[in-house]
Amino acid sequence: LVIRQALLQQRYFVTFREISRAIHSGREVGEILQRIVEHITAIVGARGCIYWILNQVEGLIVNRVVAGFDYRSLSHVDYASLGRIFTPELGRPVFIDDARTDARIPDLERLGKKRIQTVLGLPFAIAPPYQGLLAVYFGRSRTLQESEIDFITALGEQGAIALHKALAYDESRLDLLRRTVEGLALALEAKDGQTHGHSQRVACLAREVAGALGLPPGERDAVHQAGLLHDIGKIGLQDEILARLGRLSPEEME
């Protein structure tokens with residue numbers, strides 16, 4: 001038993017090191033999450049494992065990766081159903097002793113539901129508005145040892161770290177894009193002094209309209225950027241043509 005426990009601890013360590021190395025080497029987040037759910041499934045002897053990425057502001061499942069048996073009663077539920085099963089906003093683990101009789105588990109696949117008994121769900125903070133949620137499920141009644149829960153938690157946290165790192169990188173790139181777009185808008189208005197401030201006004205009004213239409217924050221941002229760039233073609237026009245818009249010859253119009 002002591003030897004078996006030592007071998008298991010060694011396997012935990014090797015797996016954790018592999019995932020850490022993948023994160024720091026800049027591997028794709030989807031690939032890292034896939035490795036995480038596969039390792040968890042294999043090492044704790046689960047029927048399967050799912051890692052969701054949730055957008056809590058928009059109430060969406062952004063992505064999910066699955067390993068092992070595709071338990072449809074979990075893997076195919078919507079955001080609201082996940083919230084009822086695991087209450088991820090509370091930040092606490094959820095242990096379901098018998099999924100076959102638990103009312104929280106929807107009956108999306110009768111045969112599949114009968115094949116799964118014990119379910120463990122763990123939420124992980126990433127960065128607002130995103131949250132990670134990991135579920136491990138077993139085909140029989142299973143009491144997890146503390147070391148197993150620690151291992152699952154550690155790998156789930158590694159997934160959250162990978163996601164946080166990727167989101168921070170994406171936000172940095174978006175910042176650069178915003179500054180580039182604003183610079184282009186300034187260059188456009190320098191080209192045509194008569195419309196100074198016009199692109200900014202269009203962009204602000206477009207964002208307000210998008211908000212009044214109930215568009216989500218990401219789409220409101222996209223509309224704002226489009227407003228800044230709506231006249232960008234002026235940059236490629238000769239000054240003498242730009243000054244005579246509306247009075248162009250067919251050749252100039254072409």
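Quick note: numbers below take in every heavy atom, side chains included, and nothing from hydrogens, waters or symmetry partners. The first residue of the sequence shown is numbered 1, and numbering continues consecutively from there.
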Legend entry - Side chains of L134 and I40 in contact at under 4.5 Å (non-hydrogen atoms): yes

Legend entry - From CG (D97) to OG1 (T118), nearest 0.5 Å: 5.0 Å

Legend entry - I105 side chain near I85 side chain, heavy-atom distance below 4.5 Å: yes

Inset, instruction - Quick one: closest heavy-atom pair of V37 and Q34, and the distance? - result: CG2-O, 3.2 Å

Inset, instruction - Hey, could you give me the CZ/CG distance between R207 and L215, rounded to the nearest 0.5 Å? - result: 11.0 Å

Inset, instruction - Determine, using the 4.5 Å side-chain heavy-atom cutoff (strictly less than), whether F95 and F151 are members of one ILVMFWY cluster. - result: yes

Legend entry - Test log, rule side chain to side chain contact (heavy atoms under 4.5 Å, CB included), inputs Y71 and R47: CA-CA 9 Å; Y71 181 34; R47 285 298 305 279; over 6 Å; no

Inset, instruction - Please work out which of the three classes, parallel, tilted or perpendicular, describes the rings of F124 and Y51, given edges at 30° and 60°. - result: parallel

Inset, instruction - Treat each ILVMFWY residue as a node, draw an edge where side-chain heavy atoms are under 4.5 Å apart, and state whether V223 and V202 are in one component. - result: no

Legend entry - CZ (R92) with more than 12 external heavy atoms under 6.0 Å: no

Inset, instruction - With rounding to the nearest 0.5 Å, note down the distance linking CZ in R72 to CG in L74. - result: 12.0 Å

Legend entry - Non-hydrogen side-chain atoms of D221 and H224 separated by less than 4.5 Å: no

Legend entry - Polar side chain donor-acceptor pair, S81 to D78, under 3.5 angstrom: yes

Inset, instruction - Flag the pair Q131 / P123 as yes when at least one side-chain heavy-atom distance between them is below 4.5 Å, and no otherwise. - result: yes

Inset, instruction - Kindly indicate whether the side chain of Y137, heavy atoms from C-beta on, has any atom under 4.5 Å from the side chain of I96. - result: no

Inset, instruction - Provide the closest heavy-atom pair for R64 versus I50 in the form atom of the first, atom of the second, distance. - result: CB-CG2, 4.4 Å

Inset, instruction - Spell out, as yes or no, whether a donor-acceptor pair under 3.5 Å connects the side chain of E219 to the backbone of P216. - result: no

Legend entry - Backbone of T153 reached by a side-chain donor or acceptor of Q158 within 3.5 Å: no

Inset, instruction - Rounded to the nearest 0.5 Å, what's the gap from CG on N63 to CG on N55? Could you check? - result: 12.5 Å

Legend entry - F86: partners by ring-ring contact (aromatic ring centres under 6.0 Å, His included), with sequence neighbours left out: none

Legend entry - Minimum heavy-atom distance S73-P106, with the two atoms named: OG-O, 3.0 Å

Inset, instruction - Check whether V119 and I61 end up in the same hydrophobic cluster, where Ile, Leu, Val, Met, Phe, Trp and Tyr are linked by side-chain heavy atoms less than 4.5 Å apart. - result: yes

Inset, instruction - Drop me the distance from Y79's OH to L133's CG, to the nearest 0.5 angstrom. - result: 10.0 Å

Inset, instruction - Answer whether the closest heavy-atom distance between the side chains of V94 and R104 falls below 4.5 Å. - result: yes

Inset, instruction - Look up atom CZ in R100 and atom CG in D102, then write down how far apart they are to the nearest 0.5 Å. - result: 12.0 Å

Legend entry - ILVMFWY cluster, V62 and V65 together (side-chain gap under 4.5 Å): yes

Legend entry - Side-chain touch I53/L33, heavy atoms, less than 4.5 angstrom: yes

Legend entry - Heavy-atom check, side chain of R35 versus side chain of L155, under 4.5 Å: no

